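A short write-up of the structure that comes next.
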Amino acid sequence: MSDKTDNAIESLFEAPPLAEQERMIEAILFATAEPMSSKQLADRMPHGCEVPEALAHLRKRYEGRGVRLVKVGDGWAFRTAPDLGFLMQKETVETRKLSQAAIETLAIIAYHQPATRAEIEEIRGVSVSRGTLDMLLELGWIKLGRRRMTPGRPVTFIVTQEFLDHFGLESSRDLPGIKELRDAGILDNRPPPGVKPEEEDDKERGQDDMFE
Amino acid sequence: MSDKTDNAIESLFEAPPLAEQERMIEAILFATAEPMSSKQLADRMPHGCEVPEALAHLRKRYEGRGVRLVKVGDGWAFRTAPDLGFLMQKETVETRKLSQAAIETLAIIAYHQPATRAEIEEIRGVSVSRGTLDMLLELGWIKLGRRRMTPGRPVTFIVTQEFLDHFGLESSRDLPGIKELRDAGILDNRPPPGVKPEEEDDKERGQDDMFE
Amino acid sequence: MPDDHITGLDAATDSFADVEARVAAESLVVDVDGFEGPLDLLLTLSRTQKVDLRKVSILELAIQYLAFVEEAKRLRIELAADYLVMAAWLAFLKSRLLLPPEPGDDGPSGEELAAHLAFQLERLEAMRRSAARLMGRDQLGRDFFARGQTEDVSRKRTVKYTATVLDLMQAYARVKTRDDFEPLHMKRGAFYTMEQALERMKGLIGHAMEWGTLEQYLPEAWRLDPKKRRSATAATFAASLELAKEGQLEIRQDEMFAPIMLRKKLAS
């Protein structure tokens with residue numbers, strides 16, 4: 001189509017009123033996936049539209065609203081007003097049970113404090129990962145105690161006031177001992193009656209029995 | 001935390017002014033493509049907000065604009081004004097043309113919902129293929145409703161919020177011509193002569209007949 | 001005709017083609033000259049009569065339908081079961097309409113059946129119109145649009161850990177009594193493996209130009225405790241045999257129970 005014909009068409013259709021142009025830009029910028037430049041907008045709209053002017057009007061209209069018309073590079077886009085950014089975050093609190101390793105480590109510290117990492121490992125019988133201690137430190141349930149005056153001067157861990165608060169204890173001395181736990185039936189994995197757990201000999205005798 | 005404390009906290013922070021609530025809803029709804037219910041909005045906003053009132057104000061504000069606040073089922077969403085669709089050729093998602101069978105099945109479910117497969121077949125006069133229902137389910141335009149409490153407990157189909165959103169309907173009461181059809185008795189469940197409406201008893205009697 | 005289906009399938013270029021194929025395969029829809037299903041045909045027939053559906057002569061319709069089915073049967077043997085059922089039903093309806101009811105017959109009268117058929121036809125026609133009106137509406141993604149640049153809601157997740165004092169006590173009890181019920185197994189503390197010995201020997205044998213006793217090769221920490229010593233000796237001896245086999249060292253024992261002597265194998 002020649003320019004002449006184009007011009008003829010243009011003159012046939014007058015550009016829509018400015019308010020209408022504003023509506024058009026509003027709709028386009030709302031629906032497009034990317035910011036659009038004035039040029040791109042003009043390409044989409046009827047001939048003769050005053051895109052920059054309509055944009056200026058639209059920008060003014062959204063001043064102080066929940067969304068604003070902003071310039072992004074050489075394009076235009078609607079964006080959430082900065083003061084409402086907090087609405088775009090959803091905070092969820094997830095309650096999780098402590099892992100077995102964490103609760104055991106915590107228990108050992110509570111019962112034996114101050115306790116070094118080596119001591120915790122000795123009691124648990126397995127190594128204690130750095131992550132477990134970090135997590136308990138982060139939770140605020142344990143903290144560093146005084147260094148032990150032994151070779152290597154290892155750090156010790158003790159429980160905190162927060163720990164006592166969380167578990168409803170006046171002091172860590174209130175924690176019941178093993179015998180009390182057993183009497184109270186808290187020891188679920190109770191050894192078979194008549195076997196004294198502390199005596200290694202018993203066990204070996206048991207082995208011998210098997211081979212008799 | 002007890003209710004008492006909760007209330008105390010609420011009263012500590014007064015709900016923001018209505019104009020501010022309007023801005024908040026504007027920001028939240030601009031940020032998402034899916035309709036959101038008043039409940040979902042309220043969950044995101046500070047305590048004590050009057051979401052329905054703020055929504056009403058916001059809807060009014062956008063009347064005649066390039067984007068509108070529309071109600072979709074029990075959700076709310078911003079959508080571009082339909083008269084500006086011609087500007088959006090680039091955004092148009094090429095949707096597959098639905099088969100005549102699918103369109104009719106969709107209409108029957110929308111106008112008769114909840115509708116069982118047998119009812120759809122009775123109305124169309126031909127069997128409904130599994131594929132047709134599968135396709136409508138896949139499009140997200142229909143979903144399973146409650147089972148009908150008749151023999152066999154057949155599943156029913158109902159239209160979804162996505163269906164309403166797609167066709168710009170506030171609710172299925174706004175389906176074109178539904179009132180007239182209802183008044184004319186077209187939507188009545190009229191069983192063929194000699195067939196009593198499905199009841200448990202009927203079926204049993206029918207079986208007895210067979211064995212007589 | 002089957003051709004109609006094929007044109008229908010041609011339009012389906014994406015995954016919906018499968019669905020379409022299933023539709024064609026499963027349904028009893030038969031396209032005969034563009035008609036779909038028996039009611040469809042009836043509707044078209046009733047339209048050609050150019051009368052109000054409610055006043056349509058069901059009898060005339062039935063006659064025409066039956067004639068059509070006869071013709072279709074003549075042209076092509078397989079006819080959808082729907083058509084045949086409908087034909088049978090219409091034949092029954094026709095007889096009901098033509099013959100006076102038998103005394104004591106409590107079945108539905110021909111008029112009732114005809115009225116219901118008229119209702120069905122009207123309802124289907126109404127649904128067709130409604131479907132067309134529905135599809136004629138402005139549609140999302142075609143005429144109006146949703147937000148193009150959505151902002152994701154960032155989820156800030158705070159994990160709150162809980163434990164009760166009971167958990168704590170049970171954990172402690174578990175730790176303190178774990179040894180009590182360990183399943184039976186051999187303590188492996190005093191066990192020196194052949195792999196360990198081999199590793200050690202390989203490092204040392206290169207320098208052993210002179211004969212030396214096997215004992216010299218035991219690690220220091222394994223020499224005093226008799227249990228450990230026994231294990232280390234056995235492992236080291238096994239490792240020596242392995243190295244002798246590989247041709248890296250020589251073994252010599254002068255008499256029974258004499259010390260076992262080792263040295264690096266010299267190039268001959």
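Letters A, B, ... are given to chains in the order of the sequence lines, protein chains preceding strands, and every chain is numbered from 1. As the structure is a computational prediction, the values presented were derived from the model and not from experiment.
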*Between B:Glu26, B:Arg61, B:Arg68, B:Met24, which residue shows the highest count of heavy-atom pairs closer than 4.5 Å to chain A?*
B:Glu26

*Specify the closest pair of heavy atoms between B:Thr80 and A:Ala31, including all atoms of both residues, with the distance to one decimal.*
CG2-CB, 4.0 Å

_Is it the case that atom NE2 in B:His57 sees more than 12 heavy atoms from other parts of the structure closer than 6.0 Å?_
no

*Near B:Arg59 CZ, under 6.0 Å, is it more than 12 heavy atoms from other residues, nucleotides or ligands?*
yes

_Selection from B:Pro46, B:Ala81, B:Ala19, B:Gly64 maximising heavy-atom pairs under 4.5 Å formed with chain A_ = B:Gly64

_Within 6.0 angstrom of A:Glu122 CD, more than 12 heavy atoms from elsewhere_ = no

*salt bridge (Lys or Arg N to Asp or Glu O under 4.0 Å) involving B:Arg79 - partner list, sequence neighbours excluded*: B:Asp165

*Mutual orientation of the aromatic rings belonging to A:Phe30 and B:Phe30 [parallel < 30°, tilted 30-60°, perpendicular > 60°]*: perpendicular

*Is chain A contacted by the side chain of B:Leu29, its backbone, both, or neither, given a heavy-atom distance below 4.5 Å?*
neither

*Report the distance from atom OG1 of A:Thr32 to atom CE of B:Met88, rounding to the nearest 0.5 Å.*
8.0 Å

*Given that the side chain runs from C-beta out, which part of A:Leu58 has a heavy atom under 4.5 Å from chain B: side chain, backbone, both or neither?*
side chain

*asked:* With rounding to the nearest 0.5 angstrom, report the CG to CE distance, B:Leu87 to A:Met45.
replied: 7.0 Å

*How far does CD of B:Glu20 sit from CG of A:Asp83, to the nearest 0.5 angstrom?*
6.5 Å

*With only heavy atoms counted, which part of B:Phe78 is less than 4.5 Å from chain A, the side chain, the backbone, both or neither?*
both

*How about B:Gln113: does its CD atom have over 12 heavy atoms from other parts shown lying under 6.0 Å from it?*
yes

*Which bit of B:Leu84 comes within less than 4.5 Å of chain A, counting heavy atoms only: side chain, backbone, both or neither?*
side chain

_Heavy-atom pair of closest approach, residues A:Gly66 and B:Ala27_ = O-CB, 3.5 Å

_Within the supplied structure, the quantity of interest is the number of heavy atoms (other residues, nucleotides, ligands) at a distance under 6.0 Å from B:Lys71 NZ; does it exceed 12?_
yes

